[in-house]
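Report on the structure given below.
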Amino acid sequence: MEHFIALVTKPDNVPIVAILFLIPYFIWLSYRQARQTDKAGVPSDAHLNDKVYVWPYLCRNEFVCAIIVMLVLGVWSIMIDAPLEEPSDPTKTPNPSKAPWYFLALQEMLVYFDPWIAGVVLPGLIVAGLIAIPYIDTNPKGKGYYTIKERPFALAVFSFGFIVLWIVLMVVGTFLRGPGWNFFAPWEAWDPHLVVPLTNVNLSYLFGIRDANTANFFGFVVVAGYFALGPIVYLWKHKTSDFLQELGLVRYIIVSFLFLTMLSLPIKMILRIFFKVQYIWVSPWFNI
Amino acid sequence: MNEERKGLKEKITNSDIWRSIFRHGYENTGRRYTLQILQNVWLHLHPPRISRHALNFRFTWCMGGITFLMFLVTAVTGVLLMFYYRPTAEYAFADVQYLEFDIPFGMLLRNMHRWAAHGMVISVMLHMFRVFLTGSYKKPREFNWAVGVILLLVTFFLSFTGYLLPWDQLAFWAVTVGTNMARATPVLGHEGPFAPSEITQSNDVRFALLAGTIVGPSTLLRFYILHCVAVPLLASALMALHFWRVRKDGGISGPL
């Protein structure tokens, strides 16, 4: 437990601890406002046309906000010193070696995917997906106010991605990953000599396939089938669903691809943690 | 008494010195409030008037403004730190130690720079979360959302390049781990899938980032220049675009 307390109180981990309080607070704050809107209805135009002068009303708020933030920053800077460890030494690798805290969700993904997916393809798709959001979300409602009722799907997907796949993984990577990037509960001591049996097998092995070529083909079928779920749902539903009609085929393909890619992370996590699956598709060129 | 005070005030405000500093009086009118914004170099990005709900902390969380404030703090403290820091492997670590132990308020300066940088990363993530929750990326603000995403990446990169500069174990290994991903870039990284045989560890994309096959003195110099010159300039330009588009796209979002 002592090492965990030492870890949580480490100067560089202050932001993570702050996030643990800030995120729930802002979720609560926005949830309350969303509930209010959903009950009382969308604020009217008259509400929007109620204008005030920026000087002094907004400038005063900005000024007060800046003073408070500078006060917090000043106290933080006086109380807690920035870390400075020993001089850098390329021959002395610390265990665990961790990236800066804001990249730890990416480093955490490395447990479940090979570096080319976890470190390059998925981050690239995260950025592309974020930029694509306004162009694929055609729902005109819920602009400029908090609501849940009017855009449940968009909110659920983004909140899951941001809170679970980004913030929670970041916290896990910072506080619960020890030597060898093994998982340690807060009450467990970090054991650098911990022996972890490598019992993971590939998905094809679980299905009794032992031949490499068959396994390669099996993996291809599983991955292709997974991403084909999107088009299949479209063919099945597009005549009856107004939502799909409005979205259009191109947007739909992009949405379903990004959505399935995002879900592939929790799916792979579950397969790894509960079924000891190493790879889903093993090919001579890459493993997924 | 009151008359006397009024007379004194008039005497002061009519004096040559006063009038040489302040060009005109300050009337308490809407016109004056408008001009105050329009004529001010620092405030002219604001519109003269905004909707009342935009003043509400519960709506904006103030996170965009805090991010900008943190950027300004890091810019000012960063320039001051540059007076005491040499980006070479021989001196970098010693300069940070010197800064901490010998320079008056050196430790405070370094703390403020580091914590403001961390604060900026937190506030920029929360800003994005707020903008999503209020649906503020929707038409006509699609492009500004894209600029915001790039600014998020720029913020990460600013913080990441700065992380190396203390040149201690924490810095060295965090950057080593962070840049190791680039090895696995498909086609362009020497350990990535589909990499042609011409791509080796001394000409792949990681080499371009590190100026070497491991984090070394040339990486330090490269990250220093990226951190102090290139990325802040890029961030400033994108921020100018971001703020200008907020204004042009109809100011802060609201129900319409």
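- Interface remark: A:Asn61 contributes side-chain atoms only to the contact with chain B (heavy atom separation under 4.5 Å).
- In terms of heavy-atom pairs under 4.5 angstrom with chain A, the leader among B:Ala182, B:Gly148, B:Ser159, B:Gly189 is B:Ser159.
- Contacts of B:Met125 with chain A are made by both backbone and side-chain atoms, with heavy-atom separations under 4.5 Å.
- With a threshold of 4.5 angstrom between heavy atoms, B:Ile66 approaches chain A through side-chain atoms but not through N, CA, C or O.
- Using a 30° and 60° split on the angle between ring planes, B:Trp115 and A:Trp76 fall in the parallel class, below 30°.
- Heavy atoms closer than 4.5 Å to chain A are found in the side chain of B:Met107, but not in its backbone.
- Using cut-offs of 30° and 60° for the angle between ring planes, the A:Trp28 and A:Tyr25 rings count as tilted.
- Interface remark: A:Ile148 contributes no atoms to any contact with chain B (heavy atom separation under 4.5 Å).
- Contacts between A:Ile117 and chain B at a heavy-atom distance below 4.5 Å are absent for every atom of the residue.
- In the model, A:Asp50 has no side-chain atom that pairs as donor or acceptor with a side-chain atom of B:His53 under 3.5 Å.
- Comparing B:Gly178, B:Pro186, B:Gly65 by heavy-atom pairs within less than 4.5 Å of chain A, the highest count is held by B:Pro186.
- Heavy atoms of A:Ile19 lying under 4.5 Å from chain B belong exclusively to its side chain.
- Heavy atoms closer than 4.5 Å to chain B are found in the side chain of A:Asp137, but not in its backbone.
- Using modelled atom types and a 3.5 Å distance limit, the side chains of B:Asn28 and B:Tyr33 yield a donor-acceptor pair.
- Looking at B:Pro166, both its backbone and its side chain come within 4.5 Å of chain A, counting heavy atoms on both sides.
- Listed options B:Phe194, B:Phe57, B:Tyr163 were ranked by heavy-atom pairs under 4.5 angstrom with chain A; first place goes to B:Tyr163.
- The aromatic rings of A:Phe103 and B:Phe156 sit perpendicular, their planes meeting at an angle over 60°, well past the 30° parallel limit.
- Your options are B:Thr34, B:Ile214, B:Leu126, and the one with the most heavy-atom pairs under 4.5 Å with chain A is B:Leu126.
- The closest side-chain donor-acceptor pair between B:Asn111 and A:Asp81 falls under 3.5 angstrom.
- Of the atoms belonging to B:Trp145, it is side-chain heavy atoms, and not backbone ones, that fall under 4.5 Å from chain A.
- Contacts between B:Glu100 and chain A at a heavy-atom distance below 4.5 Å involve the side chain alone, from C-beta outward.
- The closest side-chain donor-acceptor pair between A:Glu150 and A:Tyr145 falls under 3.5 angstrom.
- With a threshold of 4.5 angstrom between heavy atoms, B:Leu109 does not approach chain A through any atom at all.
- Atom OH of B:Tyr91 has 12 or fewer heavy atoms from other residues, nucleotides or ligands within 6.0 Å.
- Between the side chains of A:Tyr146 and A:Asp38, no donor N or O sits under 3.5 Å from an acceptor N or O.
- Between B:His118 and A:Trp101, the ring planes are perpendicular. Angles over 60° get that label, and only those under 30° would be called parallel.
- Looking at B:Val147, neither its backbone nor its side chain comes within 4.5 Å of chain A, counting heavy atoms on both sides.
- Across B:Phe172, B:Phe160, B:Phe129, B:Trp167, the residue that shares the most heavy-atom pairs under 4.5 angstrom with chain A is B:Phe129.
- Contacts between A:Phe26 and chain B at a heavy-atom distance below 4.5 Å involve backbone atoms as well as side-chain atoms.
- Proximity to chain A (any heavy atom under 4.5 Å) is restricted, for B:Arg114, to the side chain, taken from C-beta onward.
- The environment of A:Arg35 atom CZ is sparse: at most 12 non-hydrogen atoms of other residues, nucleotides or ligands sit within 6.0 angstrom.
- Interface remark: A:Ala154 contributes backbone and side-chain atoms alike to the contact with chain B (heavy atom separation under 4.5 Å).
- Side-chain N/O atoms of A:Thr147 and A:Arg151 include no donor and acceptor closer than 3.5 Å.
- For B:Val177 against A:Ser97, the heavy-atom pair with the smallest separation is CG2-CB, 3.4 Å.
- Only the side chain of A:Gln107 comes within contact range of chain B, with heavy atoms under 4.5 Å apart.
- Counting heavy-atom pairs closer than 4.5 Å to chain A, the top-ranked of the candidates B:Arg141, B:Gln169, B:Arg110 is B:Gln169.
- Contacts between B:Ala171 and chain A at a heavy-atom distance below 4.5 Å are absent for every atom of the residue.
- If you check the side chains of A:Glu62 and B:His46, you find a donor sitting under 3.5 Å from an acceptor.
- Of the atoms belonging to B:Ser123, not a single heavy atom falls under 4.5 Å from chain A.
- Only the side chain of B:Leu69 comes within contact range of chain A, with heavy atoms under 4.5 Å apart.
- In the model, A:Asn287 has no side-chain atom that pairs as donor or acceptor with a side-chain atom of A:Trp281 under 3.5 Å.
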